[in-house]
Amino acid sequence: MLQIHVINQLNHSRYRREIEEHHRIRYEIYVEGRGWQALARSDRREIDAFDTSDAIYLLGIVPGQGVVAGSRLVPSLKPHLMSEVFPGLASGHVPRRRDILEWTRFFVVPSLREKGRSCAAAGHIYCGILEFCLENQIGNVTIVCEAYWFDRLAALGWNPQRLGYPIQHDGMQIVGLITNVTTAALTTTRSAYGIMQPVLLSDQRYLPA
């Protein structure tokens, strides 16, 4: 089973190779694949202003294969994408509390994607996010995303709510969402992907103090 590794400032040094690999995968997907040229760099690593020591990475790692999926969480009390770049998506009132994290930079490598549906690796990342948040008493997750994510998350029981009006950005319609973190959402998400047990490594469940 694909397991999700939680990487933060406490264990970052143990995962230097995987973090480097994930930045290169992000570049291939977002810059080369999706054409986000504002993020282009000569070293072919996709890194933005929020890849700081506060970032929490959830990476799906397969032994012998490496990083195959991942995402990033950032505490809402720290600078993050919605607060610093897209506050208008929340009508200028960005939710910021200790029990809110922002979720960005979700990806799955092309070889694991499934045409016409969300793949198993994606389901593991979704479950990993919910497991991590539940363990750390995180009640909500905010997201800057394309508009179609609203229906996807609603179907999984995340109860997404729009924080403001959508905008057009780089040819995409993007929205600001806030979702609920609940055990019911985790149960529904596990069921949707046939996941029968926790996906996070057991010794990596907690936020830094």
Side-chain angles (χ1 to χ4, degrees), residues 2-76 78-86 89 101-129 132 141-149 152 167-176 199-201 204 208:
L2 176 64
Q3 286 194 303
I4 308 303
H5 296 241
V6 178
I7 304 166
N8 56 39
Q9 58 187 266
L10 297 179
N11 63 357
H12 192 279
S13 62
R14 289 164 43 197
Y15 284 93
R16 287 195 178 97
R17 183 180 64 184
E18 289 80 6
I19 289 293
E20 177 72 11
E21 183 181 3
H22 122 277
H23 282 304
R24 294 188 183 280
I25 292 171
R26 279 170 43 178
Y27 194 93
E28 292 171 0
I29 291 172
Y30 294 123
V31 180
E32 297 179 343
R34 304 198 63 181
W36 292 8
Q37 290 304 310
L39 299 174
R41 293 164 51 112
S42 60
D43 63 4
R44 300 184 72 249
R45 298 158 71 230
E46 196 272 285
I47 297 175
D48 71 7
F50 313 108
D51 288 304
T52 68
S53 61
D54 295 311
I56 304 154
Y57 301 101
L58 277 67
L59 299 185
I61 300 172
V62 176
Q65 185 174 344
V67 176
V68 299
S71 214
R72 179 181 68 187
L73 299 171
V74 177
S76 65
K78 299 290 186 175
H80 58 285
L81 186 63
M82 190 180 293
S83 69
E84 306 305 304
V85 182
F86 295 109
L89 289 175
L101 296 177
E102 181 185 64
W103 170 27
T104 53
R105 292 303 193 265
F106 167 78
F107 69 88
V108 174
V109 296
S111 62
L112 292 186
R113 297 175 192 171
E114 299 177 26
K115 188 174 181 179
R117 67 184 300 270
S118 186
C119 65
H124 280 72
I125 296 295
Y126 302 154
C127 287
I129 290 167
F132 181 81
V141 172
T142 57
I143 317 167
V144 175
C145 58
E146 292 183 73
Y148 69 81
W149 276 90
R152 178 179 295 183
I167 66 170
Q168 291 295 129
H169 180 77
D170 287 345
M172 303 176 290
Q173 185 180 60
I174 62 171
V175 295
V199 300
L200 291 187
L201 291 178
Q204 297 184 345

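Below, each value reflects all heavy atoms present in this structure, side chains not excepted, and no hydrogens, waters or symmetry copies.
Annotation: side chain of Leu89 is in contact with side chain of Ile167 (closest heavy-atom distance under 4.5 Å). Side-chain contact check for Leu101 versus Pro75: some heavy-atom pair is nearer than 4.5 Å. Counting heavy atoms from C-beta outward, His23 and Tyr57 have side chains that approach closer than 4.5 Å. Looking at heavy atoms from C-beta onward, Arg105 lies in side-chain contact with Glu46 at the 4.5 angstrom threshold. Proximity of Ser118 to Tyr126: side-chain heavy atoms (C-beta onward) are separated by under 4.5 Å at one or more points. You'll find the side chain of Leu59 reaches within 4.5 Å of the side chain of Ile19, heavy atoms only.
Rounded to the nearest 0.5 angstrom, Leu81 CG and Ile143 CD1 are separated by 11.5 Å. Atoms CG and CZ, on Leu112 and Phe107 in that order, are 11.0 Å from each other to the nearest 0.5 Å. How far CG of Leu201 is from CG of Asn11: 10.0 Å, rounded to the nearest 0.5 Å.
Heavy-atom minimum distance, Ser53 versus Gln9: O-NE2, 3.2 Å. Minimum interatomic distance between Glu102 and Val144 (heavy atoms only, all atoms of both residues): OE2-CG2, 4.1 Å. Across Ala121 and Val108, no two heavy atoms sit closer than the pair CB-CG1, 4.0 Å.
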Below 3.5 Å, can you tabulate the donor-acceptor pairs from side chains in residues 62-71 to any protein atom, sequence neighbours excluded?
{"unit_1": "Ser71", "atom_1": "OG", "unit_2": "Trp103", "atom_2": "NE1", "d": "2.3"}
{"unit_1": "Ser71", "atom_1": "OG", "unit_2": "Thr104", "atom_2": "O", "d": "3.2"}

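Remark: Arg41 engages Tyr27, Asp43, Arg45, Ile47 in a side chain to side chain contact (heavy atoms under 4.5 Å, CB included) (not counting sequence neighbours). Not counting sequence neighbours, Ala120 has no partner by the side chain to side chain contact (heavy atoms under 4.5 Å, CB included) test. Remark: Arg34 pairs with Tyr30, Trp36, Glu146, Met172 by the side chain to side chain contact (heavy atoms under 4.5 Å, CB included) rule, at least two apart or across chains. Residues satisfying the side chain to side chain donor-acceptor pair (under 3.5 Å) criterion with Glu114, sequence neighbours excluded, are Arg117.
Applying the side chain to side chain contact (heavy atoms under 4.5 Å, CB included) test between Leu58 and each of Asn8, Val199, Ile4 identifies Ile4 as the sole match.
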Subject >> From CA spacing to verdict: side chain to side chain contact (heavy atoms under 4.5 Å, CB included), His169, Phe86 >> reply: CA-CA 10 Å; His169 180 77; Phe86 295 109; 3.8 Å; yes

**OP:** Show your working on side chain to side chain contact (heavy atoms under 4.5 Å, CB included) between Ile61 and Tyr15 and close with a plain yes or no.
**Re:** CA-CA 11 Å; Ile61 300 172; Tyr15 284 93; 4.1 Å; yes

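In this structure, Arg24 pairs ionically with Glu20, as a charged nitrogen and a carboxylate oxygen lie closer than 4.0 Å.
Within the structure, salt bridge (Lys or Arg N to Asp or Glu O under 4.0 Å) contacts touching residues 49-60 (residues at least two apart or in different chains) are Arg26-Asp51, Asp51-Arg72.
Gln173 places no side-chain N or O within 3.5 Å of a backbone atom of Ala147 that could act as its donor or acceptor partner.
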